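Heads up, the thing below is written out as structure tokens.
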Amino acid sequence: MKLLLSSQRHYSKLASLNLKTFENPQANAYKIIQYCKSGSLFEAIHVLNSIDWTKLSNKPFFYASLLQTCTKVVSFTHGIQFHTLAIKSGLDTDRFVGNSLLALYFKLGPNFFEARRVFDGLFYKDVISWTSMITGYVKVEKPKKSLELFLEMLGLGIVPNGFTLSAVIKACSELGDLRLGKCFHGVVMVRGFDLNGVISTALIDMYGRNSAVDDANLVFVELPQPDAICWTSIISAFTRNDVYDKALGFFYLMCRIDGLSPDGFTFGTVLTACGNLGRLKQGKEVHAKVITSGLSGNVFVESSLVDMYGKCRLVNQSQCVFDRMSIKNSISWTALLGGYCQNGDFESVIRIFREGEKADTYSFGTVLRACSGLAAVRQGKEVHCQYVRRDDPSLWTVLLGACAASPHSATAERIARKAMELKPDHHLSYVYLANVYRAVGRWDDAVKIRNLMTKRGVGKMPGTSWIET
DNA sequence: ATAGGGTTAG
């Protein structure tokens, strides 16, 4: 069996045969491992194809090494080939091969379904197999499932380690379960992981996201030598909890420490703090640091810059940064809109909104919130706005998007009807209205809208709504 | 001999 070497076809089969005859199998095995270690996947496969590798001893080790190399060099297709071969040899149930497969599917897929299949098929699941799955569930935003798996693991008598703990702490963070998070904090202390930067970062982040910024700070100050990520996580915790002055203070402290430098993550959060404080002078200082750090092309950092200048009432500067961005997304675009909104330039907001194609549900909401105030919509009152707010279907759609999540369906319904009347072929209006109905449990009406869409041949109804019911 | 973890923008 030869592996496909899609981009390396120049290796001739003839050469392979010669090698097979003359070279020492053990030397070849050693070569393969060396190539794997240095990330030279094609060279490893080349040697592999030149020998009779069905007779290799310790095959699980080879499969595991090769799979890890595929993951390392981001070659998913080769990884899948090795998976197929591993299945044929019955080695996909080996825990080393299996754990390497889990990494392949999580990191390169990400394909949770395949990963789960591999996991379920494992002959013996060790703490790494379990931790990989627990981490995987957190990554696909199923923190509850990840905690269930954790309990199942404990039930089998498998002892969690630092990797496992950092994953379950993250799950608590996502679930908003501060109490359970504190329990894990206790475990971390008892087990002596409290000086571990990675686990501490997970704890700081968990506390920061759950309004317990003081607890986050307690974890941070215990660290003898926090690394850049720990610093960023505490700065971010302060920022999330509107303790902007502390966030900035910690940022300046961090900049003064030898061997530490803020990265894109740090700048993203620090600029948010500057913007929310309206500190233009500091914001400009940070901007200068961004440039000298070579982070100008980072979409996160630049979106934060757009936001910061907008909040500091320098809309021109905000527009200027935006125009120079090489990569833009709906977030950068919404930050720009937000700046114009906050400065009362609604004309520009509407103009940019009409021109742009980067709208998402968040930007709909932001635009509306900034322009007319969401509170009025939530209360089911008529929205008074000079722009409609005319018989302009796109504006009605904006309105609808903003109040779709509102429990007051009457307003949403009225707006949706209006939008559908003005622009019957615009599928979003139908989708929004159906979502409104689903949100308030009017399933029959949601079905009616779906049928109406089909009848009129409008777009496609997505399988899931954005509103969790 | 081989596998798993933390931080960012509207």
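Naming: A, B, ... by sequence-line order, numbering from 1 per chain. Remember, it's a predicted structure, so these values are computed and weren't measured experimentally.
Contacts classified as ring pair (Phe, Tyr, Trp, His ring centres under 6.0 Å) and involving residues 144-176 of chain A (residues at least two apart or in different chains) are given here: A:Phe150-A:Phe184. Screening residues 303-321 of chain A for salt bridge (Lys or Arg N to Asp or Glu O under 4.0 Å), with sequence neighbours left out, gives A:Asp307-A:Lys311.
More than 12 non-hydrogen atoms from other residues, nucleotides or ligands lie less than 6.0 angstrom from OH of A:Tyr252. Heavy-atom contacts from other residues, nucleotides or ligands closer than 6.0 Å to NZ of A:Lys59 number more than 12. Within 6.0 Å of the NZ atom in A:Lys328, the count of heavy atoms belonging to other residues, nucleotides or ligands exceeds 12. By the neighbour-count criterion of 12 heavy atoms within 6.0 Å, atom NZ of A:Lys125 is densely surrounded, having more than that number from other residues, nucleotides or ligands.
Here B:dG6 presents its C1' atom at 10 Å from CD1 of A:Ile169, a figure rounded to the nearest Å. Whole-Å rounding puts the A:Leu337 CG to B:dG10 P distance at 14 Å. Between the CD1 atom of A:Ile331 and the P atom of B:dT8 there is a distance of 13 Å, given to the nearest Å. Following rounding to the nearest Å, A:Phe265 (CZ) and B:dT7 (C1') show an atom-to-atom distance of 6 Å. Between A:Asp92 atom CG and B:dA3 atom P the separation is 19 Å, expressed in whole Å. Rounded to a whole Å, the CZ atom of A:Phe193 is 14 Å from the C1' atom of B:dG6. Going from atom CZ of A:Phe250 over to atom C1' of B:dT7 covers 15 Å, rounded to whole Å. In this entry the distance linking CG of A:Leu104 with P of B:dG4 reads 11 Å, nearest Å.
Using a 4.0 Å heavy-atom criterion, one finds that A:Val97 contacts no nucleic acid atom at all. Residue A:Asn58 is classed as a base contact, given a heavy-atom separation below 4.0 Å to a base. Within the nucleic acid shown, A:Gly98 has no heavy atom closer than 4.0 Å to any nucleic acid atom. A:Ser332 comes within 4.0 angstrom of nothing in the nucleic acid, heavy atoms only. At the heavy-atom level, A:Gly310 lies nowhere under 4.0 Å from the strands shown.
The stretch residues 108-132 of chain A touches DNA chain B through A:Asp126, A:Ile128, A:Thr131, A:Ser132, each having a heavy atom under 4.0 angstrom from the strand. Within residues 267-289 of chain A, the residues approaching DNA chain B are A:Gly268, A:Thr272, by heavy-atom distance under 4.0 Å. Contacts between residues 226-242 of chain A and DNA chain B, defined by a heavy-atom separation below 4.0 Å, involve A:Asp227, A:Ile229, A:Cys230, A:Thr232, A:Ser236, A:Arg240, listed by number. Looking at residues 147-156 of chain A, you'll see that no heavy atom sits under 4.0 Å from any atom of DNA chain B.
Applying the 4.0 Å criterion to OP1 and OP2 of B:dT2, one finds that A:Lys59 has every side-chain N and O outside that range. The phosphate of B:dG5 has OP1 or OP2 within less than 4.0 Å of a side-chain N or O from A:Lys139. Put simply, A:Arg95 has no side-chain N or O that comes within less than 4.0 Å of OP1 or OP2 on B:dG4. Between B:dA3 and A:Gln68, a contact under 4.0 Å exists linking OP1 or OP2 to a side-chain N or O.
Taking the six-membered ring for Trp and the full ring otherwise, A:Trp231 and A:Phe220 have centroids separated by under 6.0 Å. Ring centroids of A:Phe238 and A:Phe250 are separated by less than 6.0 Å, placing the two rings close together.
Remark: A:Asp120 pairs with A:Arg116 by the salt bridge (charged side-chain N to carboxylate O under 4.0 Å, His left out) rule, at least two apart or across chains. Partners of A:Ser40 under the side chain to side chain contact (heavy atoms under 4.5 Å, CB included) rule, at least two apart in sequence or in another chain, are A:Tyr35, A:Ser38, A:Glu43. Under the salt bridge (charged side-chain N to carboxylate O under 4.0 Å, His left out) criterion, A:Arg191 pairs with no residue, sequence neighbours left out. By the side-chain hydrogen bond (donor to acceptor under 3.5 Å, both in side chains) test, A:Asp194 pairs with no residue at all, sequence neighbours left out.
On a pure distance criterion of 3.5 Å, a polar donor-acceptor pair joins the side chain of A:Ser303 and the base of B:dA9. Side-chain atoms of A:Asn161 and base atoms of B:dG4 include a donor and an acceptor less than 3.5 Å apart.
Taking the 5.5 Å centre cut-off and the 30° plane limit, the aromatic side chain of A:Phe61 is not classed as stacked on B:dT2.
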**OP:** Could you go through the side-chain hydrogen bond (donor to acceptor under 3.5 Å, both in side chains) check for A:Tyr63 and A:Gln68 one step at a time?
**Re:** CA-CA 8 Å; A:Tyr63 276 107; A:Gln68 286 155 37; over 6 Å; no

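Taking every side-chain heavy atom of A:Asn329 into account, B:dA9 is the closest of B:dG10, B:dA9, B:dG4. When distances run from any side-chain atom of A:Ser304 to the nucleotides B:dG10, B:dA9, B:dA3, the shortest one goes to B:dA9. Distances from the side chain of A:Val198 to the nucleotides B:dT7, B:dG5, B:dG4 place B:dG5 closest. Closest to the side chain of A:Lys170, out of B:dT7, B:dA3, B:dG4, is B:dT7.
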Listing, residues 294-301 of chain A side-chain donor-acceptor contacts under 3.5 Å, not counting sequence neighbours, or none:
unit_1, atom_1, unit_2, atom_2, d
A:Asn298, OD1, A:Phe300, N, 2.8
A:Asn298, OD1, A:Val301, N, 3.1

Can I get a per-line list of side-chain donor-acceptor pairs under 3.5 Å for residues 107-115 of chain A, giving both atom names and the distance, sequence neighbours left out?
unit_1, atom_1, unit_2, atom_2, d
A:Asn111, OD1, A:Phe113, N, 3.2
A:Asn111, OD1, A:Glu114, N, 3.0
A:Glu114, OE2, A:Arg117, NH2, 3.0

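Side-chain atoms of A:Tyr309 and A:Gln319 include no donor-acceptor pair closer than 3.5 Å.
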